[in-house]
Amino acid sequence: MINITFPDGRVSQYESGVTAMQVASSISEGLARNVLSAKVNGEVWDASRPIHHDATLQLLTWDDKDGKATFWHSSAHLMAEALEAIFPGVKFGAGPPIENGFYYDVDPGDRKLGEDDLARIEQKMLELARNKSDYVRREVPKAEAIAYFKEKGDEYKLELLEDLEDGTITFYEQGNFVDLCRGPHIPNTDKIKAIKLLKVGGAYWRNDETRNQMTRITGITFPKQKELDEYLHMLEEAKKRDHRKLGTELELFMFSERVGAGLPIWLPKGTQLRERLTNFLKEEQEKRGYKLVVTPHIGHKNLYVTSGHYEKYGKDSFQPIHTPREGEEFLLKPMNCPHHCEIFANRPRSYKELPLRIAEFGTVYRYEQSGELHGLSRVRGFTQDDAHIFCMPEQVKGEFLNVLDLTRTVLSKMGFAEFTAQISLRDPNNPSKYIGSDEVWNIAEAAIIDAAKEANLNTVTVLGEAAFYGPKLDFMVKDALGRSWQLGTIQVDYNLPNRFELEYIGPDNQAHRPVMIHRAPFGSMERFISILIENTAGKFPLWLTPDQYALLPISERYVDYCTDIQQQLAKFDIRGFVDDRNETIGRKIRDTEIKKVPIMLIVGEKEAESNAVSVRLQGDGDKGSMSIELFVEYFKSLL
RNA sequence: GCCAGCAUAGCUCAGCUGGUAGAGCAGCUGAUUUGUAAUCAGCUGGUCGGGGGUUCGAGUCCCUCUGCUGGCUCCA
């Protein structure tokens, strides 16, 4: 007999060799039906794998992250079986579960797989799932495994086998498909009831761009059709909120092939929105001691040779601009920091003026790879809400707290009340990767950790993710659809102060090297606005939205009255427009609803007689008639 | 940059296996003067993304460039 310990601490005795599935059955049939896999001593196992020693056991179902992962991993195998059935001779790379679903990288040989093939593969998968095949685990000697895949001619699996040790190799088999796989898997294919293959695209073998490219088929499966329907509905919703679509419809921004790919053009409404965001941040920064500067869009090539950016990125970016003078070269600025370093170096600095916080809404240009461009979120010219804080090492923590406070204020005002912070530290096993002394790194890392703790942030710490020049903290927000986005960043930098030989005179009358902190709460205006659009579905907060109201006269007779109201409201800094088109009121309301203008003020004979407006809120309907004075109060209550 | 796909009017799309382009919406003009999500009628609008080729003939087939979409790689 062996002792099985459950998550609640309860211990039960079972025969040695009992499986998780049998344990589940001993508790309840319903539970057994739902078990997908099990965590045995913290490791995820097949529910059908015998347990021979005392163990802790957690049964995993669809409600567990690991249960879903098992389900999707098995779905990948099912897809592979379908592919092999339809396209004999197809070779398989890797097929793991992912956050939402699974993929399998395959080499289809001479034929091409496209979107058109997906429906057929789905059908085959459903057919195979209904065969109710068990997933069977088998331990296989390495020699046998090699022989099997040699026979099959699958060089990818053979390559994977090279890295595996004899005695640790397992095969999984379901139906007519055998795969090299560590597992675990669900008990039977019959659990997979609903299948949708979503994408087909290229993927490099082993994520290495020098190796050949495979075809990646991505899909998702569910135990119930209803869950698939809900998931597809969510995808539809995300599509409706796509900032590229909304940005075009709301006339916020545009792109032009003639101007160039990845170079956004801000239309009047988008510019209004962006200016309001910028001004808001400027005010918050001023309260916190930042000094605003403006620097040119280009700089001598030597500036970036000094900063090191030219060496690292020069050949992959916009190429130098030449002048009539021979040998003279300028670069479009890819970063604001070198310019800001020059501001610091402008004259001798005293410790008394530190921390010096230099802020700039600086537009930078980077030649992103063509395949990477995406709406506003990945562009070749963008404006960072940048600042560089030059301070003494012992001031780093205080400055971090200052930046965290700013970021929290800014994000919560934007409706991102919750965010997590990813702290990226050195790789302890590889200290030579980093510049700067251990001493300053220790101070900075401790400062970040302390500051995050003091600010009560939700944090995730990742070792080895620090930049070579310093540790950093990135802000991750979740949007209304539950998607995660990386927004702003704070980075400590020991590199640039060295390269630019920055110094301040300390209280000891000696020269010292300042620490530099890069930070951008939004990251870039472009990327932030893209996320804001998708999070709000284009219904921006009232203070931020380009037009706060639309005045809708019932007929042309009341246009003058509307213009009068518009002027009255302008005195209270309430902005909007008059829809003076010769259209019915129903039409004007419909068009305004679609434009997502938050407030509609409807004006006809009744209102004109009593100096009133009839208020309707976007998406929320009629709010009744009120005097202008009352409306101003009502408006303020909405802010 | 790589893989797969797409590009027809301002927008959304139709146009079978090659036989010199069509709808709805938008826009313009007129009528209507309207009470909480589309008033009616008429009209305009496209060298079918650019260039090259095959063909008697190309929106349709081939090549190439540009842009876009989904992946991959990258992201100071």
Side-chain angles (χ1 to χ4, degrees), chain A residues 103 105 107-108 112-118 198-218 239 242 244-245 248-249 251 254-262 304 307-314 316-317 333-338 364-375 377-380 382 384 386 467-469 486 489 491 493 495-496 518 523-524 527 552-559 581-595 600-607 614-625:
Chain A
Y103 66 78
D105 286 346
D107 178 352
K112 282 177 183 173
L113 291 178
E115 308 265 345
D116 304 341
D117 297 306
L118 296 183
L198 295 161
K199 291 165 194 162
V200 43
Y204 299 107
W205 171 233
R206 303 203 126 180
N207 283 344
D208 183 342
E209 82 181 300
T210 63
R211 310 224 30 195
N212 66 320
Q213 198 153 30
M214 314 196 58
T215 303
R216 173 168 299 178
I217 304 176
T218 307
K239 216 169 167 183
D242 190 315
R244 293 166 300 183
K245 182 174 143 69
T248 307
E249 284 173 8
E251 298 193 300
M254 59 171 274
F255 289 90
S256 151
E257 220 174 287
R258 282 200 174 137
V259 171
Y304 306 103
S307 73
H309 293 117
Y310 185 77
E311 194 196 354
K312 197 144 191 258
Y313 297 101
D316 298 322
S317 201
K333 76 172 164 185
M335 297 281 288
N336 300 301
C337 21
V364 297
Y365 299 89
R366 299 174 183 178
Y367 192 80
E368 305 292 356
Q369 295 184 32
S370 59
E372 278 314 316
L373 302 175
H374 181 90
S377 39
R378 195 78 188 272
V379 289
R380 285 177 172 162
F382 57 97
Q384 296 178 311
D386 211 359
F468 74 93
Y469 50 76
Q486 192 202 313
T489 179
Q491 303 179 1
D493 185 353
N495 182 41
L496 282 181
H518 310 243
S524 83
R527 187 175 153 77
L552 312 180
I554 296 266
S555 87
E556 282 181 341
R557 278 203 284 274
Y558 310 107
V559 169
R581 292 176 306 161
N582 181 4
E583 286 292 350
T584 60
I585 192 65
R587 177 48 171 272
K588 288 178 189 175
I589 288 169
R590 178 181 154 82
D591 290 347
T592 315
E593 287 278 350
I594 289 168
K595 279 192 273 188
M600 280 156 267
L601 301 176
I602 295 154
V603 166
E605 193 178 352
K606 280 180 277 175
E607 290 77 11
S614 177
V615 178
R616 180 190 165 103
L617 297 185
Q618 201 269 350
D620 196 25
D622 195 356
K623 293 289 148 189
S625 175

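Order of the sequence lines fixes the chain letters, A, B, ..., with proteins taken first and strands second; residue numbering starts at 1 for each chain.
- Separating the P atom of B/C65 from that of B/C28 is a span of 41 Å, rounded to the nearest Å.
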Is there a side-chain contact (heavy atoms from CB on, under 4.5 Å) between A/K595 and A/Q618 once you walk through the steps? CA-CA 9 Å; A/K595 279 192 273 188; A/Q618 201 269 350; over 6 Å; no
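- As a whole-Å value, the separation of A/H309 NE2 from B/A76 C1' is 4 Å.
- Backbone-only contact: A/L373 has heavy atoms under 4.0 Å from sugar-phosphate atoms and none from a base.
- Across all strands shown, B/G57 forms no Watson-Crick or G-U wobble pair with both key distances under 3.5 Å.
- Taking every side-chain heavy atom of A/M335 into account, B/A76 is the closest of B/A76, B/G1, B/U66.
- Between B/C74, B/U33, B/U36, one nucleotide has an atom nearer to the side chain of A/E556 than all others, and that is B/U33.
- B/U64 and B/G22 have their P atoms separated by 33 Å, given to the nearest Å.
- Between A/L118 atom CG and B/A4 atom C1' there is a gap of 11 Å when expressed in whole angstrom units.
- Distances shown here put every side-chain N or O of A/R211 at or beyond 4.0 Å from the OP1 or OP2 atom of B/C2.
- Taking the P atom of each, B/A7 and B/G24 are spaced 22 Å apart, rounded to whole Å.
- The interatomic distance linking A/Y365 (OH) with B/C75 (P) rounds to 23 Å, in whole Å.
- Nucleic acid contact class of A/D208 (heavy atoms, under 4.0 Å, all strands): none.
- For A/R258 and B/C68, the CZ to C1' distance is 17 Å, given to the nearest whole Å.
- For A/S317, the listed nucleotide lying nearest its side chain is B/A76; candidates were B/A37, B/U36, B/A76.
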Go through the steps to decide whether A/M214 and A/W205 satisfy the test side-chain contact (heavy atoms from CB on, under 4.5 Å), and finish with yes or no. CA-CA 6 Å; A/M214 314 196 58; A/W205 171 233; 3.5 Å; yes
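- In this structure, the side chains of A/N495 and A/F468 come closer than 4.5 Å at one or more pairs of heavy atoms.
- Figure legend. B/G45 is base-paired to no nucleotide; pairs are counted as Watson-Crick or G-U wobble with both atom distances under 3.5 Å.
- Put simply, A/S370 has a side-chain N or O that comes within less than 4.0 Å of OP1 or OP2 on B/G1.
- Side-chain nitrogen and oxygen atoms of A/H374 include at least one within less than 4.0 Å of the OP1 or OP2 phosphate oxygen of B/G70.
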Go through A/R206 and A/D208 one step at a time and tell me if the salt bridge (Lys or Arg N to Asp or Glu O under 4.0 Å) criterion holds. CA-CA 5 Å; A/R206 303 203 126 180; A/D208 183 342; over 6 Å; no
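- A residue-by-residue look at A/L113 and A/G260 shows that A/L113 has its nearest nucleotide of RNA chain B further toward the 5' end.
- With hydrogens and angles left out, the side chain of A/Y204 and the base of B/G1 share a donor-acceptor pair within 3.5 Å.
- Residue A/E249 qualifies as enclosed at atom CD: its count of foreign heavy atoms under 6.0 Å is above 12.
- In this structure, B/G30 and B/C40 make a Watson-Crick or G-U wobble pair, each of the two defining distances being under 3.5 angstrom.
- Salt bridge status for A/R616 with A/E593: present, with a side-chain N to carboxylate O gap under 4.0 Å.
- Only the C1' atoms considered, B/A9 is 24 Å distant from B/G5, to the nearest whole Å.
- Candidate nucleotides B/A37, B/C72, B/U39 were compared by shortest atom distance to the side chain of A/R590, and B/A37 ranks first.
- With C1' as the reference atom, B/C61 and B/U54 are 8 Å apart, rounded to whole Å.
- If you take atom P in B/A23 and the same atom in B/U44, they sit 11 Å apart, rounded to whole Å.
- The interatomic distance linking A/E257 (CD) with B/G51 (P) rounds to 13 Å, in whole Å.
- Note on A/I554: a base of the nucleic acid sits closer than 4.0 angstrom, heavy atoms only.
- Across every strand in view, B/A21 sits unpaired, with no contact that passes the Watson-Crick or G-U test at under 3.5 angstrom.
- Side-chain N/O atoms of A/R244 include one lying less than 4.0 angstrom from OP1 or OP2 on B/G70.
- Remark: P of B/U36 and CD of A/Q618 are 18 Å apart, rounded to the nearest angstrom.
- Taking the P atom of each, B/U8 and B/U69 are spaced 14 Å apart, rounded to whole Å.
- Looking at heavy-atom distances under 4.0 Å, A/Q213 makes contact with a base.
- Within the 4.0 angstrom heavy-atom criterion, base atoms lie near A/K606.
- Within the 4.0 angstrom heavy-atom criterion, only backbone atoms of the sugar-phosphate kind lie near A/K199; the bases stay farther away.
- Neither OP1 nor OP2 of B/G71 sits under 4.0 Å from any side-chain N or O of A/R216.
- Base pairing annotation: B/C68 forms a Watson-Crick or G-U wobble pair with B/G5, both donor-acceptor distances under 3.5 Å.
- Paired with A/H518 under the rule side chain to side chain donor-acceptor pair (under 3.5 Å), one option of A/D386, A/N336, A/D493 passes, and it is A/D493.
- Taking atom NZ on A/K588 and atom P on B/U39, their separation rounds to 11 Å, with Å as the unit.
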Check step by step if side-chain contact (heavy atoms from CB on, under 4.5 Å) holds for A/E583 and A/D591. CA-CA 11 Å; A/E583 286 292 350; A/D591 290 347; 5.8 Å; no
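- Comparing the same atom, P, in B/G42 and in B/G50 gives a spacing of 32 Å after rounding to whole Å.
- Taking each heavy atom of A/Y367 and A/S317 in turn, the nearest pair found is N-OG, 3.4 Å.
- At whole-Å resolution of the value, CZ in A/R366 and P in B/C74 are 17 Å apart.
- Mapping A/G586 and A/Y558 onto RNA chain B by nearest heavy atom places A/Y558 closer to the 5' end of the strand.
- Contact between the side-chain N/O atoms of A/R616 and the OP1/OP2 oxygens of B/A37 is found at a separation under 4.0 Å.
- For A/K112 and B/A4, the shortest distance from a side-chain N or O to OP1 or OP2 is below 4.0 Å.
- Across all strands, A/G371 comes closer than 4.0 Å to base atoms (heavy-atom distances).
- Within 3.5 Å, a donor on the side chain of A/E607 pairs with an acceptor on the base of B/G35, or the reverse.
- Between the side chain of A/R380 and the base of B/C75, no donor-acceptor pair of N or O atoms lies under 3.5 Å.
- Residue A/E583 is classed as a base contact, given a heavy-atom separation below 4.0 Å to a base.
- Side-chain atoms of A/R587 lie closest to B/A38 of the nucleotides B/A38, B/G67, B/A37.
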